[in-house]
Amino acid sequence: MTKEFYIRDTAQVARDLLGKILVRKTAEGITKGMIVEAEAYYGELDPASHAYKGRRTPRNEAMWGPPSYAYVYFTYGMYYMLNVVTGKDGEARAVLIRAVEPLEGIELMRKRRKKKLESLKFGVKNSKDDLRELTNGPAKLTQAFDITRKENKIDMINSDLKIEENRGGLQSSFTIVACPRIGIKQGTEKKLRFYIDENLFVSKVIFKKGGVNVTS
DNA sequence: CGATAGATATCT
DNA sequence: GATATCTATCGA
């Protein structure tokens, strides 16, 4: 993707990221996945954002920086979340990548997810042999793609972590659903979460209020 | 399904 | 000291 792509309105970027390819290269190998779910965060203006009312700390510093950079943060004592910064430099806007559909490096994703599970003190239950379990959530996909604090502030236009145009032509058209964002306590009225309708890898489908279909 | 424990960096 | 853009498990 180009710099211009990310400079635009955050919700627009979130929508347009659906169907694009998240690519990750490490010494272990390469993993790829199609983005199927994303949320927009409007920094200073957004009660749900880490940068609400201009809060600027070492942790959320990346949000304030230039577009196309990664904002990776650690939360709940064990999880990393991946965002891409949008808007103009100095604006604190970002898109949270919430789910992808695995395309390449699936065995590697399995290995990484399994390793993480075993490191937790849970009772290492049987791993459900379900592809969806690899990447259908923001903290799951960062495990599967080995994304941690180290990837914070790297430019996602051309790095070992980047987003590419979908050239494979797989699923060229789809319906986009817009609904409230997940896991927030304020700013729930706005429909800033977008996902590909009917896609199996979407983290959570909201039946309650339903979403709005926005075909692009 | 719904409820809750889990672990810790970061902020107030 | 409280909180967090969550996940896995357990119980009904």
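Within every chain, numbering begins at 1; the chains are lettered A, B, ... in the order of the sequence lines, protein sequences first and strands thereafter.
- Of the candidate nucleotides dA4(C), dA8(C), dT7(C), dA4(C) has the atom nearest to the side chain of Lys185(A).
- The main-chain N or O of Ile196(A) is never found under 3.5 Å from a side-chain atom of Asn199(A) such that the two would form a donor-acceptor pair.
- Listed candidates were dT7(C), dA7(B), dA8(C). Nearest to the side chain of Pro138(A) is dT7(C).
- Atom OH of Tyr80(A) and atom C1' of dT7(C) are 16 Å apart (whole Å).
- Among the atoms of the strands shown, none is found under 4.0 Å from any heavy atom of Lys204(A).
- Position along DNA chain B of the nearest nucleotide to Arg149(A) versus Thr75(A) favours Thr75(A) as the more 5'-ward residue.
- Atom CD in Glu37(A) sits about 10 Å away from atom P in dC6(C), given to the nearest Å.
- In this structure, CD of Gln186(A) is placed 13 Å from P of dT3(C), rounded to the nearest angstrom.
- Contacts between residues 51-67 of chain A and DNA chain B, defined by a heavy-atom separation under 4.0 Å, are made by Arg55(A), Thr57(A), Pro58(A), Arg59(A).
- Using a cut-off of 4.0 Å between Lys/Arg side-chain N and Asp/Glu carboxylate O, Arg193(A) and Glu37(A) are scored as salt-bridged.
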Would you be so kind as to tabulate the donor-acceptor pairs closer than 3.5 Å made by side chains of residues 83-93 of chain A, with sequence neighbours excluded?
unit_1: Asn83(A); atom_1: ND2; unit_2: Tyr71(A); atom_2: O; d: 3.2
unit_1: Thr86(A); atom_1: OG1; unit_2: Thr10(A); atom_2: OG1; d: 2.8
unit_1: Glu91(A); atom_1: OE1; unit_2: Lys88(A); atom_2: N; d: 2.9

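- Each of Ile182(A) and Gln143(A) was assigned the nucleotide of DNA chain C with the nearest heavy atom; the assignment lying further toward the 5' end belongs to Ile182(A).
- Between Arg98(A) atom CZ and dT7(C) atom P there is a gap of 7 Å when expressed in whole angstrom units.
- Across dC6(C), dT7(C), dG6(B), the shortest atom-to-atom separation from the side chain of Tyr76(A) is found for dC6(C).
- Leu134(A) places its CG atom 14 Å from the C1' atom of dT7(C), with the value rounded to the nearest Å.
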DNA chain C base-pair string [pairs: Watson-Crick or G-U under 3.5 Å; |: paired with another strand]: ||||.||||||.

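- By the rule that hydrophobic residues join a cluster once side-chain heavy atoms approach within less than 4.5 Å of another member, Leu18(A) and Tyr6(A) end up as members of one cluster.
- Both cation-pi conditions hold for Arg149(A) and Phe74(A): the charged atom is under 6.0 angstrom from the six-membered ring centre and inside a 45 degree cone around its axis.
- Looking at heavy-atom distances under 4.0 Å, Phe74(A) makes contact with sugar-phosphate atoms alone, never a base.
- Contact annotation for Ala48(A): base contact, defined as any heavy-atom pair under 4.0 Å involving a base atom.
- Put simply, the side chain of Arg8(A) gets close to the backbone of Phe5(A): a donor and an acceptor are under 3.5 Å apart.
- In this structure, Arg181(A) contributes its side chain and Ala40(A) its backbone to a donor-acceptor pair below 3.5 Å.
- For Glu133(A) and dC6(C), the CD to C1' distance is 13 Å, given to the nearest whole Å.
- When only modelled atom types and interatomic distance are considered, Arg113(A) and Gln143(A) share a side-chain donor-acceptor pair under 3.5 Å.
- Atom OH of Tyr79(A) is separated from atom P of dT3(C) by 20 Å (rounded to the nearest Å).
- Here Glu28(A) pairs with Lys111(A) in a salt bridge; the nearest charged N to carboxylate O distance falls below 4.0 Å.
- Side-chain N/O atoms of Arg98(A) and Ser203(A) include a donor and acceptor closer than 3.5 Å.
- Taking atom CG of Leu117(A) as the reference point, atom P of dC6(C) lies 18 Å away to the nearest angstrom.
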